[in-house]
**Q** 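Take a look at this one; I'll ask things after.
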Amino acid sequence: MQMLPLFTFAASQLWLQVVLFVAGIVIVLWGADRLTDGAVGLAERMGVPQIVIGLTIVSIGTSMPEFFVSLMSAINGTPDLAVGNVVGSNIFNTALIVGVAAMICPIHILPATVKKDMPFTIIASVVLLVMCFDSSISRIDALLLFAMFGMFMYITLKGARANFGQGSDGGSVKKRPMAVSRSVAFLVVGLACLVLGSNVFVDNASAIAANLGMSEALIGLTIVACGTSLPELATTVVAARRGNSGIAIGNVLGSNVFNILMILGLTGLISPMDIQGITSVDLGALLLSIVVLWLFSFTKYRVERWEGALLTTGFLGYMAYLVSQAA
């Protein structure tokens with residue numbers, strides 16, 4: 001049974017829906033930045049090592065737009081938008097973001113990333129594909145996803161503690177921490193913006209889809225997915241321009257795991273989802289993109305410019321396919 005919202009932020013006219021849709025993106029991204037800044041500030045005050053902050057708080061913070069958009073979509077009775085957002089975001093992260101970064105500067109990848117993080121991302125993608133065979137994500141499915149996320153975080157934090165103290169990157173942050181009151185204020189304001197912005201975003205995305213005759217799944221796989229992945233895109237491009245694009249790939253992989261296991265896990269526990277618009281082609285593109293990236297990385301522990309161009313071309317081809325199917 002679908003839950004109906006008490007009220008809607010969707011406008012009645014198409015042009016105003018588009019304006020509010022963009023405004024929702026801006027509010028969500030700004031809120032994610034404030035939430036991340038506040039969380040990092042508190043972690044620094046608590047003396048948490050910088051490597052742990054990067055592996056947990058920052059990566060989770062950049063995935064907050066996907067989380068809140070998917071959560072509100074499921075609660076408001078648009079599960080195709082929720083799952084499409086996650087699937088589309090992961091394809092966007094793996095194919096376009098990594099592809100563009102590699103074209104700017106070849107990406108050097110740590111052997112541990114190739115041997116541990118990428119295979120775990122592939123496993124998470126396979127599990128999601130299998131769960132979607134019956135066009136639904138039940139609470140049992142969601143519980144399994146959430147348990148896998150807990151295992152991933154345990155392994156990641158255990159590895160971080162094992163490497164703690166072996167280099168400057170593992171030490172505590174040395175700059176002056178943000179004041180506690182300011183950190184808490186950033187957390188509260190960021191959370192409020194994420195809730196408000198995601199509601200505005202989802203309501204108007206659904207209204208636009210209805211007015212243009214587009215399915216919620218298509219909107220989720222394309223516009224919503226690209227919009228909520230802007231934090232990862234900005235971070236990766238900046239890192240690539242500075243010649244440090246290899247650092248960003250860990251955030252991309254962590255975001256992909258978080259999107260599938262934590263976002264769909266927690267969302268499915270709150271509101272089980274019946275999905276109809278996500279096809280085997282979409283899930284196949286999700287799995288293929290990460291497998292291709294893993295194969296590229298496995299050879300020389302780097303992604304060359306031509307490989308980045310191939311990933312980007314594959315993403316553009318997938319987008320063209322979605323548009324052609326909607327025509």
**Q** Sequence neighbours excluded, which residues qualify as side chain to side chain donor-acceptor pair (under 3.5 Å) partners of Gln276?
**A** none
**Q** Does Asn90 use its side chain to pair, donor to acceptor, with the backbone of Val87 at less than 3.5 Å?
**A** no
**Q** Output the distance between atom CG (Leu286) and atom CG (Leu129), rounded to the nearest 0.5 Å.
**A** 8.0 Å
**Q** Could you name each residue pair satisfying side chain to side chain donor-acceptor pair (under 3.5 Å) that touches residues 13-27, not counting sequence neighbours?
**A** Gln13-Trp15, Gln17-Asn211
**Q** With rounding to the nearest 0.5 Å, note down the distance linking CD in Gln325 to CG in Leu221.
**A** 12.0 Å
**Q** Kindly write out the residues that satisfy side chain to side chain donor-acceptor pair (under 3.5 Å) with Asp80, not counting sequence neighbours, or none if the list is empty.
**A** none
**Q** Quick one: CE on Met148 to CG on Leu143, what's the gap to the nearest 0.5 Å?
**A** 12.0 Å
**Q** Of Ile208, Leu16, Val200, which is the lone residue that meets side chain to side chain contact (heavy atoms under 4.5 Å, CB included) with Phe21?
**A** Ile208
**Q** Just to verify, which of Thr94, Asn93, Ile260, Ile263 counts as forming a side chain to side chain contact (heavy atoms under 4.5 Å, CB included) with Ser255?
**A** Asn93
**Q** Within a reach of under 6.0 Å around CZ of Arg302, are more than 12 heavy atoms found that belong to other residues, nucleotides or ligands?
**A** yes
**Q** Does Val86 form a side-chain contact (heavy atoms from CB on, under 4.5 Å) with Thr267? I'd like the steps, not just the answer.
**A** CA-CA 11 Å; Val86 167; Thr267 300; over 6 Å; no
**Q** Would you mind reporting whether Ile155 and Lys116 have side-chain heavy atoms less than 4.5 Å apart?
**A** yes
**Q** Assigning hydrophobic clusters by single linkage (Ile, Leu, Val, Met, Phe, Trp, Tyr; side-chain heavy-atom cutoff under 4.5 Å), is Leu20 placed with Ile27?
**A** no
**Q** Which residues pass the side chain to side chain contact (heavy atoms under 4.5 Å, CB included) test with Leu316, sequence neighbours left out?
**A** Thr312
**Q** Would you give the length of the straight line joining atom CE of Met273 to atom SG of Cys132, rounded to the nearest 0.5 angstrom?
**A** 8.5 Å
**Q** Please give me the minimum heavy-atom distance between Ser297 and Met118, naming the atom from each residue.
**A** OG-CE, 3.2 Å
**Q** Which heavy atom of Pro272 sits nearest a heavy atom of Ser138, and at what distance?
**A** CB-CA, 4.4 Å
**Q** Would you please name every residue forming a side chain to side chain donor-acceptor pair (under 3.5 Å) with Ser73, sequence neighbours left out?
**A** none
**Q** Do the ring planes of Phe92 and Phe315 sit parallel (below 30°), tilted (30 to 60°) or perpendicular (above 60°)?
**A** perpendicular
**Q** Would you check if Arg34 and Cys193 make a side-chain contact, meaning some heavy-atom pair closer than 4.5 Å?
**A** no
**Q** Holding to side chain to side chain donor-acceptor pair (under 3.5 Å), I want the full list of residues that pass it with Ser135, two or more places apart in sequence or in another chain.
**A** none
**Q** Membership question, hydrophobic clusters at under 4.5 Å side-chain separation (ILVMFWY): are Val180 and Val188 in the same one?
**A** yes
**Q** Linking directly or through intermediates, with side-chain heavy atoms under 4.5 Å: list the remaining ILVMFWY members grouped with Trp30, chain and number order.
**A** Val189
**Q** Kindly work out whether a path of hydrophobic side-chain contacts (I/L/V/M/F/W/Y, heavy atoms less than 4.5 Å apart) joins Ile140 to Ile275.
**A** no
**Q** How would you list, by chain and number, every residue that makes a salt bridge (charged side-chain N to carboxylate O under 4.0 Å, His left out) with Arg139, sequence neighbours excluded?
**A** none
**Q** Can Val323 and Thr222 be said to form a side-chain contact (heavy atoms from CB on, under 4.5 Å), step by step?
**A** CA-CA 9 Å; Val323 173; Thr222 55; 5.9 Å; no
**Q** Among all residues two or more places apart in sequence or in another chain, which pass the side chain to side chain contact (heavy atoms under 4.5 Å, CB included) test with Phe146?
**A** Met262, Leu266, Leu269
**Q** Test: ring pair (Phe, Tyr, Trp, His ring centres under 6.0 Å). Region: residues 270-308. Which pairs qualify, not counting sequence neighbours?
**A** Trp294-Phe298, Phe296-Trp306
**Q** Please name the pair of heavy atoms, one in Asn259 and one in Ser89, separated by the smallest distance, quoted to 0.1 Å.
**A** ND2-CB, 4.0 Å
**Q** Taking side chain to side chain contact (heavy atoms under 4.5 Å, CB included) as the test, write out the residues that go with Thr121, two or more places apart.
**A** Leu253, Asn256, Val257, Ile290
**Q** Donor-acceptor check, side chain of Ser136 to backbone of Asp274, threshold 3.5 angstrom: yes or no?
**A** no
**Q** Suppose we screen for side chain to side chain contact (heavy atoms under 4.5 Å, CB included). Which residues come up paired with Met131, at least two apart in sequence or across chains?
**A** Val127, Asp141, Leu144, Leu145
**Q** Side chains of Leu311 and Ser289: closer than 4.5 Å at any heavy-atom pair?
**A** no
**Q** Output the distance between atom CD1 (Ile122) and atom CG (Leu293), rounded to the nearest 0.5 Å.
**A** 8.5 Å
**Q** State the CG-CE distance between Leu81 and Met72, to the nearest 0.5 angstrom.
**A** 12.0 Å
